Amino acid sequence: MENGYKIGDRVRFLDFEGDGRVSALPGGDILEIEMDGMRMRVSSREVVRIDACDNSQEIRLYDGNNRISQFKQKPTPHNNGIRTGRKSHLQDGRMEVDLHMERIREKYPAARNIPDSDALFVQLDVFEKSMAEAFRKGMRSVVFIHGHGRGILRSELLKRLKEYPGTVVQDASVLSYGDGAIEVFLK
């Protein structure tokens with residue numbers, strides 16, 4: 001228990017939606033987390049422990065300055081039945097992931113200090129975590145917005161998607177995304 005966690009602790013991820021239980025402590029600050037039958041190894045800095053009777057830890061967010069900050073939870077907005085934006089895609093079983101570095105830096109404050117020379121590694125890490133989240137949530141499809149550029153990210157995504165059995169890949173709707181996106185259908 002050198003990193004403060006023990007087997008069976010419930011934890012929530014800081015950089016994407018989801019929680020699980022610590023299933024093993026391989027050593028150092030690495031934890032093995034089990035989520036819906038899937039196991040993944042993560043740094044203890046990527047999760048926060050959730051106490052069963054105290055949800056105050058659930059509102060801690062990573063602030064990009066290598067420290068944990070407390071933020072007030074925002075009240076859940078009233079659902080008036082109108083489906084707009086990203087939530088509508090989640091409700092119809094589709095998830096959108098924008099892999100442009102500007103968007104990643106906005107969504108994940110810890111990525112703000114990563115140099116552009118490491119952008120591809122960060123984008124592929126977001127891709128892998130998004131695929132895991134999509135499978136865990138039972139999504140029907142995921143749209144990865146990769147942009148134009150030189151095609152390096154797109155070709156790397158297509159290469160990695162071959163490792164996912166039962167997925168079907170096609171260009172995303174040109175009307176909705178232009179020609180800089182792919183849609184991955186999950187089975």
Side-chain angles (χ1 to χ4, degrees), residues 7-26 30-48 50 79 83-108 110-111 114 118-187:
I7 294 176
D9 283 348
R10 186 170 164 236
V11 294
R12 173 139 314 158
F13 291 92
L14 294 171
D15 60 353
F16 70 91
E17 245 181 74
D19 58 75
R21 294 217 180 264
V22 177
S23 59
L25 301 167
I30 302 298
L31 303 172
E32 187 171 287
I33 309 296
E34 183 170 342
M35 303 177 1
D36 301 326
M38 182 177 76
R39 291 178 183 239
M40 61 186 343
R41 288 187 177 205
V42 299
S43 167
S44 62
R45 294 180 301 246
E46 294 181 59
V47 296
V48 63
I50 303 171
N79 182 2
R83 294 172 49 178
T84 61
R86 186 171 179 266
K87 283 206 183 282
S88 67
H89 294 299
L90 289 176
Q91 289 173 351
D92 70 3
R94 184 176 3 160
M95 189 167 93
E96 285 182 7
V97 179
D98 194 339
L99 294 175
H100 288 92
M101 275 309 292
E102 307 84 51
R103 297 289 183 245
I104 291 173
R105 286 183 174 123
E106 287 173 12
K107 187 172 181 180
Y108 305 105
I114 295 174
D118 292 336
L120 181 62
F121 300 112
V122 173
Q123 291 167 316
L124 293 173
D125 186 49
V126 171
F127 160 76
E128 296 288 347
K129 289 180 178 179
S130 299
M131 285 296 289
E133 182 180 359
F135 278 111
R136 187 177 51 76
K137 287 185 171 182
M139 292 285 123
R140 181 180 54 82
S141 70
V142 183
V143 176
F144 290 101
I145 304 167
H146 54 73
H148 296 284
R150 296 179 305 204
I152 296 169
L153 177 59
R154 179 186 173 92
S155 63
E156 191 62 35
L157 291 175
L158 294 174
K159 184 169 78 174
R160 290 186 181 216
L161 282 165
K162 290 178 183 175
E163 299 173 11
Y164 289 91
T167 59
V168 176
V169 181
Q170 70 181 34
D171 287 333
S173 167
V174 177
L175 293 174
S176 299
Y177 303 101
D179 59 356
I182 58 174
E183 187 164 8
V184 181
F185 293 92
L186 312 174
K187 294 185 180 187

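What you are looking at is a predicted structure, and each value in this text was computed from that prediction instead of being measured.
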Give the minimum heavy-atom separation between [X] and [Y], together with the two atoms involved.
X: Ile104; Y: Asp98; value: CG1-O, 3.9 Å
X: Gly8; Y: Arg21; value: O-NH1, 3.1 Å
X: Met101; Y: Ala119; value: CG-CB, 3.5 Å
X: His148; Y: Gly180; value: CE1-N, 4.2 Å

Requested in this report: Tell me, please, which residues at least two apart from Arg140 pass salt bridge (charged side-chain N to carboxylate O under 4.0 Å, His left out).
Outcome: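 Partners of Arg140 under the salt bridge (charged side-chain N to carboxylate O under 4.0 Å, His left out) test: none.
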Query raised in the report: Sequence neighbours excluded, which residues qualify as salt bridge (charged side-chain N to carboxylate O under 4.0 Å, His left out) partners of Asp171?
Result: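 Arg154.
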The criterion is side chain to side chain contact (heavy atoms under 4.5 Å, CB included); which residues satisfy it with [X], sequence neighbours excluded?
X: Ser23; result: Glu32, Glu34, Arg39
X: Ser44; result: Asn3, Tyr5, Asp29, Leu31
X: Ile30; result: Pro26, Arg41
X: Val169; result: Leu158, Leu161, Ile182, Val184

Report task. Kindly indicate, with the supporting measurements, whether the criterion side-chain contact (heavy atoms from CB on, under 4.5 Å) is fulfilled by Val42 and Val11. Result -> CA-CA 11 Å; Val42 299; Val11 294; over 6 Å; no
Report task. On the 0 to 90° scale, with breaks at 30° and 60°, tag the Phe127-Tyr164 ring pair as parallel, tilted or perpendicular. Result ->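 The arrangement is perpendicular - the two ring planes meet at more than 60°.
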Requested in this report: Output yes when Glu163 and Arg160 qualify as a salt bridge under the 4.0 Å nitrogen-oxygen rule, no when they do not.
Outcome: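 No salt bridge links Glu163 with Arg160.
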Report task. State plainly whether the residues Glu156 and Lys159 are in salt-bridge range, i.e. N to O under 4.0 Å. Result ->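 Judged by the 4.0 Å cut-off on N to carboxylate O distance, Glu156 and Lys159 do form a salt bridge.
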Query raised in the report: Are the side chains of Leu153 and Leu124 in touch, meaning some heavy atoms are under 4.5 Å apart?
Result: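 Of all side-chain heavy-atom pairs linking Leu124 with Leu153, at least one is under 4.5 Å.
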Query - Minimum side-chain heavy-atom gap Lys187-Val168 below 4.5 Å - result: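 Yes. Closest side-chain heavy atoms under 4.5 Å.
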Requested in this report: Step by step, work out the side-chain contact (heavy atoms from CB on, under 4.5 Å) result for Ile33 and Val22.
Outcome: CA-CA 5 Å; Ile33 309 296; Val22 177; 3.9 Å; yes
[atom1]/[X] to [atom2]/[Y] distance, rounded to the nearest 0.5 angstrom?
X: Phe144; Y: Gln123; atom1: CZ; atom2: CD; result: 12.0 Å
X: Asp125; Y: Asp118; atom1: CG; atom2: CG; result: 11.5 Å
X: Gln170; Y: Ser141; atom1: CD; atom2: OG; result: 9.0 Å
X: Ile114; Y: Arg105; atom1: CD1; atom2: CZ; result: 7.5 Å

**Report entry** Check against side-chain contact (heavy atoms from CB on, under 4.5 Å), Met131 and Leu186
**Finding:** CA-CA 9 Å; Met131 285 296 289; Leu186 312 174; 3.8 Å; yes
**Report entry** Verdict with reasoning, Glu96 to Tyr177, per side-chain hydrogen bond (donor to acceptor under 3.5 Å, both in side chains)
**Finding:** CA-CA 10 Å; Glu96 285 182 7; Tyr177 303 101; 2.6 Å; yes
